[in-house]
Amino acid sequence: MLDFLSRRLAAALVTLVLATVVVFAVVEVLPGDPALVMLGTDARPDTLAAVRAQYGFDQPLTVRYLHWIGGLLSFDLGNSHAYGTSVARLIGDRLAVTLPLGALALSWALLVAIPLGVFAAWTHGTAGDWGVMGFTQIGISIPNFWFGIVLVLAFAVTWRIFPAGGFPGWRQDPAGSIYALVLPALSLSLGEIAILTRVTRSAMLDTLREDYVRTARAKGAPESTVLFRHALRNALIPVTTVAGLIAGFLIAGAVIIESVFRLPGVGQLVYDSINNRDLIVIKNVVILFTILVLVVNLLVDLAYVVLDPRPRVAS
Amino acid sequence: MSISRRHLMGVGAFALLPALGPEAWAQAKDRLVIGMSLEPPVLDPTKNAAAAIRSIACPSIFESLGRIDRNGEIKPGLAESWKISEDGKEYVFKLRSGVKFHDGEALDAAVVKFSVDRLFAADSTVPAKSLYTDIEKVEAVDPTTVKVTLKSPNSYLLYNLSLGDAGIMHPKSAATNDKKPVGTGPFAFKERKEGDSIAIERFAGYRDLGDIKLKTIVFKVVKDPSAQVSALLAGDVDTFPGFQAPELVDRLKKDNRFAVVVGTTEGEVIMATNNGKKPFDNLKVRQAMAHALNRAELIDAESGFGTPIGSHFPPHNKAYIDLTKTYPFDIAKGKALLAEAGYPNGFEATLKLPPVGYAQRAGEVLVSQLGKIGIKVSITQLQWPQWLSEVFKEKNYDLTVVAHTEANDLDRYARDGYYWNYDSATFKARWREVVAATDFTKRDELLKDCQRIIARDAVNGFLYQLAKIGVWKKELAGMWENDPSPSADFSGVHWK
């Protein structure tokens, strides 16, 4: 077990090192001159050169790479060129919006999708199953930003139950902050609910056909025990894999949803930083997300071990 | 029973209020929430060119020597008066006395000298440095008198010194103004939540608070146009002084809570043309393209907002002349000119578009209009930084659409190596006269001449003047109808 985990950890570290090289290369080749973005169309060549020197844009690539890695290792992410503030604080503030948003959307998705998928599998081929499948078809087809706009029109403009957007801040107004995340998390989770429901349903259908399920039923085990203790536990392995992948998608989806709901989250930060060519922010956010996805994957691996003893035995 | 139920409902509604957040209090009499479609990076106009900085901080936080009023005229700012020498080379500013910065520091001539010196110093990195390089020296004559001497007369100097770019800053706070701006204006910086909002608050030590009715102003960043509409409808935002989605205006007009006020801007929307590249270096080709332009159709694409222009000059300026008929819409004429130029079958060209609404809308229309005289145009979409590097700096383009939003920006046609590669000795000579003019009536005549020269040369496709679409709650009074320069002057703005 320890061996299994340490191999996974080593693989994650190698991925991370490769990722820093790729991220750095991609960000540095982005067309566009950060100094020109700052100083605008009236800038003179001498002022542009001075600003480039001031921020070190004129240094060789290797020097800039090593400088960045050095900073990462010493937990000093530097200062944003556009905002002039610390990148660590900037990202920290934004994560305080995006992480709860993603967590809310994901837990929502799991809470709704797993029972729904089990129900569809259990009522396989009947009206209940068709109903669930029809819902998932719609859920997959609707773009989440459009769903978000519809939610705003209904719940914020017409009925005024939820705010149309914005984020009051955890310290100023914790209740209002949770409130502000409800509609965004709903719209973010719709597509994921649909996908997870379908995955749960098909995984359940597979396991329900297994011999041990028939045996369990033959032994006279109650249906709920058959469904949840025997079938679902095995069906959860593919569901966990997909949920792990979805965590990555949620971060991507957050860029658009944050824009619809005016949430100052990481997605918006990346979007703005790309438009401002705030290279240092882009680099650090992308690496942070790489770490996040690696951690999620490690957790998924860990979940396999808990759910299914076979990887433990194999190692 | 009925009493207790009503009582309970009352409690329920009250309990909801804090959960709705501070937005619920937006309609308090002295608090204004302004929606902005772009977020300023830093808050110091001498560090970054973004117009959004000026629309938040100038002159609300940073004041300049003069102040540009709602009609675009120069009024006293931190200088209560000024004298300009006969030869136009010496400006003597008399400063207001008793002016304090938000941190308690006093304003005097030495502070003004420090600020103006920063604009043109050899190592200055001020974005608008080129506006101030005619200055030779600045002297603090006495605590309330500043003398600015020019190398050569510049009839725009006073205007330029009144812009937010020339905001007066104190040596003690200059370095930190990007994050925590400290000026002399009626509002002091309160707090910023990056990506969300910026709040400013009335400065109790301001010299004339009579006109300052608002206590707090919150600028909220709402980029997405449909989110802008829902923010207004839900009451989260009181106004969008510069609403960017003309196609959604009807939705707001139908709502009798809002006033939709259409005014003017200094933004000329042009189809910038690379005059240095074949076949656009040929005057006949540019004339042919000018004949292909149907401005009414282009303005239709903006839902009817905009005023046609025939040169690079705003129609509301008193020196404006109507040149839209220089090359009237005439497809046959356009085709004939193309044939004369040696392109009877037209040619292919690319149109590189920046990611802004008006350019996207005009781009599609231009493809069809130029197609009618045989020019096959394909569109390439660029991010803003790409546009700046590829089109503006490297001049690697055929055609593009962009609004030139600065006031008095005809000088671009006299600049060497500007991105449209126009080089006319006639224009340059005339522009030098404009800059050197000391008599403003004479200057207006010269400006008319400048407009004629570039219209005749069909330097760019002159499309229309961008409209300012202001949306605000009907109870709000005193907002600026027009946008003579990106500025944040809230004197007189109040809730009825």
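Just so we're clear, the structure is a prediction, and the values are computed from it rather than from any experiment. Just so it is clear: chains get the letters A, B, ... in the order the sequence lines come, proteins before strands, and each one is counted from 1.
- Counting only distance, with no hydrogens or angles, the side chain of B/Lys223 and the backbone of A/Ser259 share no donor-acceptor pair below 3.5 Å.
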Residues B/Gln228, A/Arg262; criterion side chain to side chain contact (heavy atoms under 4.5 Å, CB included); working and verdict: CA-CA 9 Å; B/Gln228 295 180 351; A/Arg262 320 198 306 268; over 6 Å; no

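- Using a 4.5 Å cut-off between heavy atoms, B/Glu194 touches chain A through backbone and side chain atoms alike.
- Comparing B/Lys179, B/His404, B/Glu406 by heavy-atom pairs within less than 4.5 Å of chain A, the highest count is held by B/Lys179.
- Pairing each heavy atom of A/Thr47 with each of B/Val126, the nearest pair is CG2-O, 4.1 Å.
- For a residue to count as touching a neighbouring chain, one of its non-hydrogen atoms must lie under 4.5 Å from one of that chain's; by this rule A/Leu269 does not touch chain B.
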Start with the C-alpha distance between A/Asp42 and B/Arg412, add both sets of side-chain angles, then the distance that settles side chain to side chain contact (heavy atoms under 4.5 Å, CB included), and finish with yes or no. CA-CA 9 Å; A/Asp42 277 343; B/Arg412 272 70 175 168; 2.8 Å; yes

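- At a 4.5 Å heavy-atom cutoff, the contact between A/Asp272 and chain B is made by side-chain atoms alone.
- When all heavy atoms of B/Pro41 and A/Ala82 are compared, the pair lying nearest together is CB-O, 3.3 Å.
- Ranked by heavy-atom pairs shorter than 4.5 Å toward chain A, the options B/Lys129, B/Arg415, B/Glu39 are led by B/Lys129.
- Taking every heavy atom of both residues into account, B/Asp196 and A/Gly166 meet most closely at OD1-CA, 4.5 Å.
- Here the side chains of A/Met38 and B/Thr125 are not in contact, with every heavy-atom distance at 4.5 Å or above.
- When heavy atoms are compared at a cutoff of 4.5 Å, A/Glu258 does not approach chain B at all.
- Listed options A/Pro264, A/Ala156, A/Ala50 were ranked by heavy-atom pairs under 4.5 angstrom with chain B; first place goes to A/Pro264.
- The neighbour count for B/Arg257 CZ, taken as heavy atoms of other residues, nucleotides or ligands under 6.0 Å away, is above 12.
- For chain A, the nearby parts of B/Ser130 are the backbone and the side chain; heavy atoms of each come within less than 4.5 Å.
- With a 6.0 Å radius and a threshold of 12 heavy atoms from other residues, nucleotides or ligands, A/Trp146 has its CH2 atom at or below the threshold.
- Among A/Thr158, A/Leu263, A/Leu48, A/Thr85, the residue making the largest number of heavy-atom pairs under 4.5 Å with chain B is A/Thr85.
- Interface summary for chain A: among B/Thr133, B/Val222, B/Asp178, the most heavy-atom pairs under 4.5 angstrom belong to B/Val222.
- Identified by a heavy-atom distance below 4.5 Å to chain A, the contributing residues of residues 387-394 of chain B are B/Leu388, B/Ser389, B/Phe392, B/Lys393, in residue-number order.
- Residue A/Ile178 does not touch chain B at all, counting heavy-atom pairs closer than 4.5 Å.
- Checked by atom type and distance alone, the side chain of B/Lys193 pairs as donor or acceptor with a backbone atom of A/Pro168 at under 3.5 Å.
- Neither the backbone nor the side chain of B/Pro355 comes within contact range of chain A; no heavy atom of the residue lies under 4.5 Å from a heavy atom of that chain.
- Annotation for A/Leu39 and B/Lys47: closest pair CD2-O, 4.0 Å, computed over non-hydrogen atoms.
- Interface remark: A/Val37 contributes backbone and side-chain atoms alike to the contact with chain B (heavy atom separation under 4.5 Å).
- Between chain B and the options A/Gly148, A/Gly169, A/Gly84, heavy-atom pairs under 4.5 Å are most frequent for A/Gly84.
- Remark: A/Leu153 CG to B/Ser226 OG distance equals 8.5 Å, nearest 0.5 Å.
- Rounding to the nearest 0.5 Å gives a distance of 5.0 Å between OH of B/Tyr418 and OG1 of A/Thr41.
- With a threshold of 4.5 angstrom between heavy atoms, A/Asp278 does not approach chain B through any atom at all.
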